[in-house]
2 protein chains.
Amino acid sequence: MSKNIPEKVSNRLTLYHSIMVEYIEAGIDTISSPQIAQRLGIDDSQVRKDFKLLNNAGKCRVGYMVKDLKDSIEKTLGFSKTKDAFIVGSGHLGLALAKYDSFNSYGLNILALFDNDPQKIDIQVNNKQIFHISKLPNLVQRLGVELAILTVPRQSAQQVADFLIQSNIKYIWNFTPAVLKVPPTVKVWNENLMGSFLQFACKDIV
Amino acid sequence: MSKNIPEKVSNRLTLYHSIMVEYIEAGIDTISSPQIAQRLGIDDSQVRKDFKLLNNAGKCRVGYMVKDLKDSIEKTLGFSKTKDAFIVGSGHLGLALAKYDSFNSYGLNILALFDNDPQKIDIQVNNKQIFHISKLPNLVQRLGVELAILTVPRQSAQQVADFLIQSNIKYIWNFTPAVLKVPPTVKVWNENLMGSFLQFACKDIV
DNA sequence: ATCAAATAAAGAAAAAAATCACGATTTACT
DNA sequence: AGTAAATCGTGATTTTTTTCTTTATTTGAT
């Protein structure tokens, strides 16, 4: 089902999607590739090439139907396939992500949080409970959760990751700056906030 | 000074950097390109090509000096140049970023937070004060801050961005899902958390 | 009805990035 | 000392991504 969308393209698709949401809220029905291109500072033929992958034809002199584009982007990026996840690490970032309701509309369903601090246990965050980390293996099995969002301090990241892998977690969305060592059966996606910032900084602030 | 490092390369450099920090903590002096490549699931000649840009020669059969690599990555990515910033939006994400001490070691110095909720004003977060948003223009001028980290809800993102631009902010690190409309003199870096997740999801969970 | 402007579509060309391949060097081992 | 293995360095190749160019279509204006 994954149509082999290149990383760069899917990144642009999410930006297009945000613009579609905005246009829908503004009650605008159609949008043209030059409009989008200008907004994002990219080439308009790039935009059309991307839309080609969505099998969503536009109309000359008019543009594309905003609603259709939004739907096909959602379909292509799999918004509708729900993925259950646990947040591991209930510090500020973990809590922020737990409260981030947009996740839901993008198909990411956070079931619970975990921490090792006894003070945090049983607190409810956005209708999700914080459990002690020792409860995780059991809940992974019972709920069939495969994805963990890792928001612990860097120092404990590898250790916690090892525990997650032991517990049969298959995908780790890694918000820590540690580069995790994992077996080939486990997939890691590094969020790398600092890296992201440094790219920005290098581009312009220098 | 910016050596025109491509985005992809600088992203990898930050990952290499994390590995260097880890090796230094483990007391290991040298590291080879195949070791790094395997860890990140990329080609080893890729790693060498990247290091070439750093002007950091390795030694056959031995590898690279971990300490030297770390230093040249920091130099290349400009870790040492400090940039002052304001966090705008003191919700959970804003607070999480304010507490994220790693920022400091990467040259990002957060001076203060802002919000429009009277209840949050004057709270101290990690030694940084939360001010009412109306105080921002004056502080931008007095402190010469050019960078704002935007963590407000999507609905108010554009409005707040407009206010920042009026207040003479030149760079916006945008954590909201809104695609901001800005004049060409202002640079935006979209963090796009959901986009990042969807790329991950598309790759494998499908 | 005709013309001009805006736009999509699609192929060609260019640029950028990743991978491959191989020679050179260094180290460890016999 | 000689040999094998590991590793760097780098040019060549391939693949991917972006940009350019041209053609065709649609709409609005004359």
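Below, read A as the first sequence line, B as the second, and so on, with proteins coming before strands; counting in each chain starts at 1. The structure presented is a predicted model; accordingly, all values stated were derived computationally and were not measured. No hydrogens, no waters, no symmetry mates; every other heavy atom, side chains included, goes into these values.
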Are the side chain of T30(B) and the backbone of G63(B) linked by a donor-acceptor contact shorter than 3.5 Å?
-> no
Considering only heavy atoms, which members of residues 21-37 of chain A lie under 4.0 Å from some atom of DNA chain C?
-> S32(A), S33(A), P34(A)
For atom CD of Q38(A), decide whether the heavy atoms of other residues, nucleotides or ligands shown that lie under 6.0 angstrom number more than 12.
-> no
Go through DNA chain D in 5' to 3' direction and return only the first and the last nucleotide with some atom under 4.0 Å of chain B's heavy atoms.
-> dA5(D) to dA12(D)
Answer yes or no: does atom CD of Q129(A) have more than 12 heavy-atom neighbours from other residues, nucleotides or ligands under 6.0 Å?
-> yes
What residues form a ring pair (Phe, Tyr, Trp, His ring centres under 6.0 Å) with F175(B), not counting sequence neighbours?
-> W173(B)
The complete set of salt bridge (Lys or Arg N to Asp or Glu O under 4.0 Å) pairs with one or both residues in residues 13-27 of chain A, sequence neighbours excluded, reads E22(A)-R39(A), E22(A)-K181(B), E25(A)-R154(B)
Mind jotting down which residue pairs meet the salt bridge (Lys or Arg N to Asp or Glu O under 4.0 Å) criterion with at least one end in residues 45-56 of chain A? Sequence neighbours excluded, please.
-> R12(A)-D50(A), D44(A)-R48(A)
Ignoring hydrogens and angles, tell me if any N or O in the side chain of T82(B) forms a donor-acceptor pair with the backbone of G107(B) under 3.5 Å.
-> no
What residues in residues 63-73 of chain B put a non-hydrogen atom under 4.0 Å from any atom of DNA chain D?
-> G63(B), Y64(B)
Gap between atoms CG and P, on N55(A) and dA9(C) respectively (whole Å) | 11 Å
Residues two or more places apart in sequence or in another chain: which of them pass side chain to side chain contact (heavy atoms under 4.5 Å, CB included) with D43(B)?
-> S45(B), Q46(B)
Just by protein heavy atoms under 4.0 Å, how would nucleotides 18-27 of chain C read 5' to 3' in B, S and -?
-> SBBB---BBB
Inter- and intrachain pairs under ring pair (Phe, Tyr, Trp, His ring centres under 6.0 Å), touching residues 33-56 of chain A, at least two apart = Y16(A)-F51(A), F51(A)-Y64(A)
Which pairs of donor and acceptor atoms, one on a side chain in residues 162-169 of chain B, lie under 3.5 Å apart (sequence neighbours left out)?
from: D162(B); atom 1: OD1; to: Q158(B); atom 2: NE2; distance (Å): 2.9
from: S167(B); atom 1: OG; to: F163(B); atom 2: O; distance (Å): 2.7
from: N168(B); atom 1: OD1; to: K170(B); atom 2: NZ; distance (Å): 3.3

Let me check something: any side-chain donor-acceptor pairs from residues 132-143 of chain A under 3.5 Å, sequence neighbours excluded? List them with distances.
from: H132(A); atom 1: ND1; to: S134(A); atom 2: N; distance (Å): 3.0
from: H132(A); atom 1: ND1; to: S134(A); atom 2: OG; distance (Å): 2.8

Across all chains, not counting sequence neighbours, the ring pair (Phe, Tyr, Trp, His ring centres under 6.0 Å) partners of F131(A) are F114(A)
